[in-house]
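Everything below concerns the one structure shown next.
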Amino acid sequence: MTASIVGWAHTPFGKFDTETVESLVVRVANEALADAGISAGDVDEIVLGHFNAGFSPQDFTASLVLQADPKLRFKPATRVENACATGSAAVHQGLRAIAAGAAKIVLVVGVEQMTRTPGPEIGKNLLKASYLPEDGDTVGGFAGVFGKIASSYFQKYGDQSDALALIAAKNHKNGVANPFAQMRKDFGFDFCRAESEKNPYVAGPLKRTDCSLVSDGAAALILADAETAKTMSKSIGFRATAHAQDFLPMSKRDILQFEGCTVAWQRALEQAGVTLSDLSFVETHDCFTVAELIEYEAMGLTPRGQGARAIKEGWTLKDGKLPVNPSGGLKAKGHPIGATGVSMHVMTAMQLAGQAPEGMQLKNAKLGGIFNMGGAAVANYVSVLEPLK
């Protein structure tokens, strides 16, 4: 690939009454520039990932990045959106600018502020990432959509409640070591498995511990072309990237297949010249635990219908053969829509640079995979990263 990540920044994810979309953007933009050791004047292009969909009254947010430093004035700045994969869409857009020779240094920012929105409106906003003619009246919002997917999966392959609880417990345990995570509590399998007042059913077989969090937060990274990256103190290269967009209506595809996820992984692994077994770890899109379960199958870790093996046999634990979501994933880290994909790239870059927080850092991480998904397996982005210095 023609570009590397040479600097990054990440706010904690959570509920922040004193922050705004603007303040979050400004904070991570400045911190990422400082981390890379460059000036705002060195930036050639800016890409902002921001879903919004009604969460923020301020729309047209690309120029908010310019608030970070007067030297960013008159730089090309574009906002991109691709539902929950918005952050990765921003990263990939920055890579294209460099590959095209239009930029040597790109500032990529992802942001969302969701918690100021009343609960019913949150569900309505998130449903905008589904096909409204079919799913617009789904009870429970987007959780309801994935509740239907989980119910269909259970009907075809049997009750997978144990597997879902194990995935939730794994990600919550991993999140304890991540200082950026919104929820740093090890709930354990028993709590995640049992219905209770604190863990009620939300939609279909999905309980509260099966659902990612409503979050505020931002992340940013600096992309540099190959020659510029050689002069930087750190360089995490893109071994491969892939993007596969699928039909929006679930009625036009087998929703239990996550075929776009499979295609994106196949393209990326082929481009990287590696197999899944060569990866040191994966950060994958666990918006709901059933999504991570199906993603095990879609990425080729297990055959179809056997995703439960990967978690029940410990393959995806931190010390397993393919650790999945050592950051805690969306489940524990949080899921501020526009920031998530950028966050996944930052978390992966930290691991590969040996700069992940203590307790979260994996030993000898050499190759990291990222899967970020928009909607119900509609926008599918995969990146494969490696340390170059």
Using side-chain heavy atoms (C-beta onward) and a distance below 4.5 Å, is Q271 in contact with F238? no
Worked check of side chain to side chain contact (heavy atoms under 4.5 Å, CB included) between M373 and F258: CA-CA 10 Å; M373 177 174 76; F258 278 25; 3.8 Å; yes
Taking only residues at least two apart or on different chains, which pairs with a member in residues 271-311 satisfy ring pair (Phe, Tyr, Trp, His ring centres under 6.0 Å)? F146-F288, H285-H335
Whether S212 side chain and C287 backbone form a donor-acceptor pair below 3.5 Å: yes
So I98 and I105, side chain to side chain contact (heavy atoms under 4.5 Å, CB included) or not? Walk me through it. CA-CA 7 Å; I98 291 173; I105 296 179; over 6 Å; no
Are any side-chain N or O atoms of K104 and backbone N or O atoms of D44, one a donor and one an acceptor, separated by less than 3.5 Å? no
Could you check whether R27 pairs with E19 (Lys NZ or Arg NE/NH1/NH2 to Asp/Glu carboxylate O, under 4.0 Å)? yes
If you draw a 6.0 Å radius around NZ in K173, do more than 12 non-hydrogen atoms from other residues or ligands fall strictly inside? no
Tell me whether K124 at atom NZ has more than 12 heavy atoms from other residues, nucleotides or ligands lying less than 6.0 Å away. no
List the atom of Q355, the atom of Q361, and the distance in Å for their closest heavy-atom pair. N-OE1, 3.3 Å
Can you find a heavy atom in the side chain of P336 that is under 4.5 Å from one in the side chain of F51? no
Derivation and outcome, side-chain hydrogen bond (donor to acceptor under 3.5 Å, both in side chains), residues N178 and S327: CA-CA 6 Å; N178 185 354; S327 70; 4.7 Å; no
Got a donor-acceptor contact below 3.5 angstrom from the E112 side chain to the N52 backbone? yes
Roughly how far, to the nearest 0.5 Å, is CE of M250 from CG of L256? 10.0 Å
Joint cluster assignment, I122 & L213, ILVMFWY side-chain distance < 4.5 Å: no
Intermediate values then yes/no, side chain to side chain contact (heavy atoms under 4.5 Å, CB included), V378 and R253: CA-CA 10 Å; V378 177; R253 49 203 169 95; 3.3 Å; yes
Presence of salt bridge, K230 and E227, under 4.0 angstrom: yes
Would you confirm whether K331, through its side chain, and G175, through its main-chain N or O, come within 3.5 Å as a donor-acceptor pair? no
Would you confirm whether R116, through its side chain, and D17, through its main-chain N or O, come within 3.5 Å as a donor-acceptor pair? yes
Give a yes or no on whether a salt bridge exists between D216 and K15, defined as a side-chain N under 4.0 angstrom from a carboxylate O. no
Flag the pair V384 / L279 as yes when at least one side-chain heavy-atom distance between them is below 4.5 Å, and no otherwise. yes
Which atom pairs, one a donor and one an acceptor, fall under 3.5 Å between side chains of residues 53-66 and the rest of the protein, sequence neighbours left out?
residue	atom	partner	partner atom	Å
S56	OG	Q58	N	3.2
S56	OG	Q58	O	3.3
D59	OD1	R79	NH1	2.3
T61	OG1	H50	ND1	2.9

Whether the side chain of R239 engages the backbone of L367 through a donor-acceptor N/O pair (distance < 3.5 Å, no angle test) should be reported. no
Rounded distance (nearest 0.5 Å) linking atom NZ of K198 with atom OG1 of T209: 13.5 Å
Taking V6's backbone N and O only, do any of them form a donor-acceptor pair with S4's side chain (distance below 3.5 Å, no angle check)? no
Any non-hydrogen side-chain atom of E45 less than 4.5 Å from a side-chain atom of K75? no
Any donor-acceptor N or O pair under 3.5 Å, side chains K170, T316: no
With a 4.5 Å limit on heavy-atom distance, are the side chains of L107 and V47 in contact? no
Within the 4.5 Å heavy-atom criterion, are I5 and L223 side-chain neighbours or not? yes
With a cut-off of 6.0 Å (strictly less than), are more than 12 heavy atoms of other residues, nucleotides or ligands near NZ of K312? yes
V263 and A244 have their tightest heavy-atom pair at CG1-CB, 3.9 Å
For T228, give me all partners under side chain to side chain donor-acceptor pair (under 3.5 Å), at least two apart in sequence or on another chain. D225
N199 (side chain) donor-acceptor with S196 (main chain) under 3.5 angstrom: no
In the structure I gave you, are the side-chain heavy atoms of L33 and V43 within less than 4.5 Å of one another anywhere? yes
Could you point out which residue of V342, L48, I46, V26 forms a side chain to side chain contact (heavy atoms under 4.5 Å, CB included) with V109? L48
Within a radius of less than 6.0 Å around CD of E270, do more than 12 heavy atoms belonging to other residues, nucleotides or ligands occur? no
Rounded to the nearest 0.5 angstrom, the CZ-CG distance for R193 and D210 is 10.0 Å
Shortest non-hydrogen contact from T289 to I167? O-CD1, 3.8 Å
One should read off an interatomic distance between R309 CZ and T302 OG1, to the nearest 0.5 angstrom, of 7.5 Å
Below 3.5 Å, can you tabulate the donor-acceptor pairs from side chains in residues 88-96 to any protein atom, sequence neighbours excluded?
residue	atom	partner	partner atom	Å
S88	OG	N372	OD1	2.9
H92	NE2	S383	OG	3.3

Is T11 reaching over with its side chain to a backbone N or O of G217, donor-acceptor style, under 3.5 angstrom? no
Interatomic distance, CG@L221 vs OG@S343, rounded to 0.5 Å, equals 10.0 Å
So which heavy atom on L362 is nearest to which on P326, and how close? CD1-CG, 4.0 Å
Which pairs, with at least one residue in residues 156-177 and sequence neighbours excluded, count as a ring pair (Phe, Tyr, Trp, His ring centres under 6.0 Å)? Y153-Y157, H172-F187
Using the ring-ring contact (aromatic ring centres under 6.0 Å, His included) criterion, which residues pair with H10? Sequence neighbours excluded. F13, F180
Will you find, in the side chains of T275 and D278, an N or O donor that is under 3.5 Å from an N or O acceptor? yes
Okay, side chain of N171, backbone of A332: is any donor-acceptor separation there less than 3.5 Å? no
Closest heavy-atom pair, E283 versus M344, reported as atoms and distance to 0.1 Å, is O-CE, 3.6 Å
Rounded to the nearest 0.5 Å, how far does OG of S215 lie from CG of L330? 8.0 Å
D254, CG: over 12 other non-hydrogen atoms inside 6.0 angstrom: yes
Determine whether M299 and V382 make a side-chain contact, defined as any pair of heavy atoms from C-beta on separated by less than 4.5 Å. no
Paired with T262, the side-chain hydrogen bond (donor to acceptor under 3.5 Å, both in side chains) test is passed by just one of R304, R267, E295, E297, namely R304
With a cut-off of 6.0 Å (strictly less than), are more than 12 heavy atoms of other residues, nucleotides or ligands near OH of Y201? yes
Testing the basics here: between S130 and F142, what is the closest heavy-atom pair and its distance to 0.1 Å? CB-CE1, 3.8 Å
Answer yes or no: are there more than 12 heavy-atom neighbours, outside K389 itself, under 6.0 Å from its atom NZ? yes
